[in-house]
Amino acid sequence: MKSTVAWQLKKGGLVMSVPTTVTAKQYGLLAYPLILSSILTPLLGVTDTITIGQTGDAVAIGAIAIGAVFFNTIYWLFGFLKVSTTGFSAQASVHHDETALHFALYRPVLLGFMIGLVLILLRVPLTAGGLYLLAAPETLLPDVTTYIDYRIYGAPFVLVGYAVIGWLIGQGQVKRALLIQIFSNLINIVLDVVFVLGLGYGVAGVAIATLVAEISIVAFGFLIMVRQLAWKPAYRDLLFRVQAYRQFFTVNADLFVRTIFLLLVTGWFTRTGAQFGPDVLAANAILLQIQYVIAYWFGGLGSASTILVGRARGRSDEAGYRKSLSLTRQFGIASIVLIIGLLAVFQDAFLQLFSTDPLLLDVSALYYGWILVFPLTGGFAMLYEGVFSGLARAKPVRNSMIQAFLVFGLLLLSIYWIGNHGVWLAFIGFGLTRSLSLHLAERRMNLTFERPDKKTDLPV
């Protein structure tokens, strides 16, 4: 049994073969490449931090760490482009609708490009606001600003890349999505080494390398997808059809609100931790980088759930949905055990990837235990987000984020007794609240599996 969508190019357009059963083997074959694909997303920033860390320049290390958090947070704000594109693409693959499949890509691409241009135009106030929220020390500002000034021009390509990767993943073309991201990361690694360790360009070299890598995602993506795409005269009017965008934003409005609160938590977390000095700020930034990789691991599993749940939704297959949900939980538990084990065994190795500064390593180790707890408390939140994305139901995700935000603020009061540990306690409580809220929302949900109206689920 094939675990991916099979494509053939015929006169009638794209013809797909979609699996109609869900097994642990199918979930695994789909999930593991998706996990790798997902983890590769934040690795551009992680690679930058690791590369500059080898220079031993503490100021540059702190600047890149803060800059990477800045961009990871902003791009996470628009992660709905990838999430919703994956869901619509998965449902379209069931309906065998060539037009719906094309516009599941074309509209997010246009939106991503336009949003990216707006980010470039607003780069000055965006940078000022971001550095204020991240509480960047004065000594780091020149390097952080340099890093942001270069990388901001990659915004349109990053967001278009989200749509490209989401579209491929939604159809089960995970190997192609993975190939694109591996190619991009290899470019980034090579250019980082050449520009920083070879030519000594420092922070600017790291930023330029990442910018080129972000552009390569789009260029290589469209190169390998070109034979699957088509453009017809009627598509021009459909591309700018207001009703379709209204529906797209209706689906994504709750996800956008969810990400706003996530952005607020990240800024609040970083700014509060900065009160305890530059060493704690840098240590928190390094640990957040590790947390991002873990989060994207569970995001990869969530994407597998989005695909399978989306297909079950498209087929009105309640048994398929229940099986997909059960497999999501099983793979989630296995991932929690595996990740905590790896984090515990390789603690020193992971931290030394980011810095060679003994003081910074000691401070990071002091708070590392909270990273061990994160998979257990926050992992299922991302898994359930994948489930709800496949169902095209974002309100529970939004509600869980608002509830978690309130818990975060309450637990943050503990900093007056336990210092920076209180910042991490609030962050862990934030993840746990999301996980519990979404679990309960799924249990309460009254699903009906009548075949959905294609015009409603798949805007064309």
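As the structure is a prediction and not an experimental result, all values here were calculated from the model.
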For residues Leu360 and Ala283, report the shortest heavy-atom separation together with the two atoms involved. CD1-N, 3.6 Å

Would you say Tyr368 and Phe350 make side-chain contact, with heavy atoms under 4.5 Å? yes

Return the OG to NZ distance between Ser400 and Lys395, rounded to the nearest 0.5 Å. 14.5 Å

Is any side-chain heavy atom of Leu338 less than 4.5 Å from a side-chain heavy atom of Trp297? yes

Nearest-0.5 Å distance, CG of residue Leu376 to CD1 of residue Ile333: 10.0 Å

May I ask you to test the Leu366-Asn420 pair for a side-chain heavy-atom distance under 4.5 Å? no

Heavy-atom pair with the smallest gap, counting every atom of Ser435 and Gly379: OG-N, 4.4 Å

Report yes if the side chains of Ile217 and Phe157 come closer than 4.5 Å at any heavy-atom pair, otherwise no. no

Calculate, to the nearest 0.5 Å, the distance between atoms CD1 and CE belonging to Ile260 and Met401 respectively. 11.0 Å

Identify the heavy atoms of Leu383 and Gly302 that sit nearest to each other, and give their distance. CD2-N, 3.9 Å

What's the verdict on ring-ring contact (aromatic ring centres under 6.0 Å, His included) for Phe408 and Trp268, showing C-alpha distance, side-chain angles and the deciding distance? CA-CA 10 Å; Phe408 178 85; Trp268 200 357; 5.4 Å; yes

Measure across Ser324 and Leu308 and return the closest heavy-atom pair with its distance rounded to 0.1 Å. OG-CB, 3.5 Å

Can you tell me how the ring of Tyr75 sits relative to the ring of Tyr162, calling it parallel under 30°, perpendicular over 60° and tilted otherwise? perpendicular

Hey, mind stepping through Val109 and Phe222 against side-chain contact (heavy atoms from CB on, under 4.5 Å) and telling me if it holds? CA-CA 11 Å; Val109 163; Phe222 279 105; 4.1 Å; yes

Passes side-chain contact (heavy atoms from CB on, under 4.5 Å), Trp370 versus Val423? Steps please. CA-CA 10 Å; Trp370 294 105; Val423 178; over 6 Å; no

Using every non-hydrogen atom in the two residues, find where Val218 and Gly161 come nearest and quote the distance to one decimal. CG2-N, 3.9 Å

With a 4.5 Å limit on heavy-atom distance, are the side chains of Thr266 and Phe70 in contact? no

Parallel under 30°, tilted from 30 to 60°, perpendicular over 60°: which one fits the rings of Phe331 and Tyr27? tilted

Go through Leu29 and Lys25 one step at a time and tell me if the side-chain contact (heavy atoms from CB on, under 4.5 Å) criterion holds. CA-CA 6 Å; Leu29 290 173; Lys25 180 179 179 181; 4.0 Å; yes

Just checking Tyr150: does its OH atom have more than 12 heavy atoms from other residues, nucleotides or ligands closer to it than 6.0 angstrom? no

Answer yes or no: is there a donor N or O on one side and an acceptor on the other, between the side chain of Ser216 and the main chain of Ala213, under 3.5 Å? yes

Atom pair CG (Asp192) and CD1 (Ile64), whose distance is rounded to the nearest 0.5 Å: 8.5 Å

With distance as the sole test, does Arg176 use its side chain to make a donor-acceptor pair with the main-chain N or O of Leu168 at under 3.5 Å? no

Any side-chain heavy-atom pair from Asp254 and Val397 closer than 4.5 angstrom? no

In terms of relative ring orientation, are Tyr147 and Phe71 parallel, tilted or perpendicular, with 30° and 60° separating the classes? perpendicular

On a heavy-atom basis, the closest approach of Ala426 and Leu411 is CA-CB, 3.7 Å

From Leu131 atom CG to Thr270 atom OG1, the distance as rounded to the nearest 0.5 Å: 11.5 Å

What class does the angle between the rings of Trp424 and Phe427 fall in, given that below 30° is parallel, 30 to 60° is tilted and above 60° is perpendicular? perpendicular

Taking the side chain as every heavy atom from C-beta outward, state whether Ile208 and Leu191 have any atom pair closer than 4.5 Å. no

Hey, are the side chains of Val309 and Thr328 touching, using non-hydrogen atoms and a 4.5 Å cut-off? no

Could you check Glu385, Arg329, His439 and say which one makes a side chain to side chain contact (heavy atoms under 4.5 Å, CB included) with Phe380? Arg329

Determine whether Ile339 and Phe298 satisfy the following criterion, side-chain contact (heavy atoms from CB on, under 4.5 Å), listing intermediate values before the conclusion. CA-CA 10 Å; Ile339 291 172; Phe298 285 103; 3.7 Å; yes

Distance (rounded to the nearest 0.5 Å) between Leu351 CG and Leu361 CG: 6.5 Å

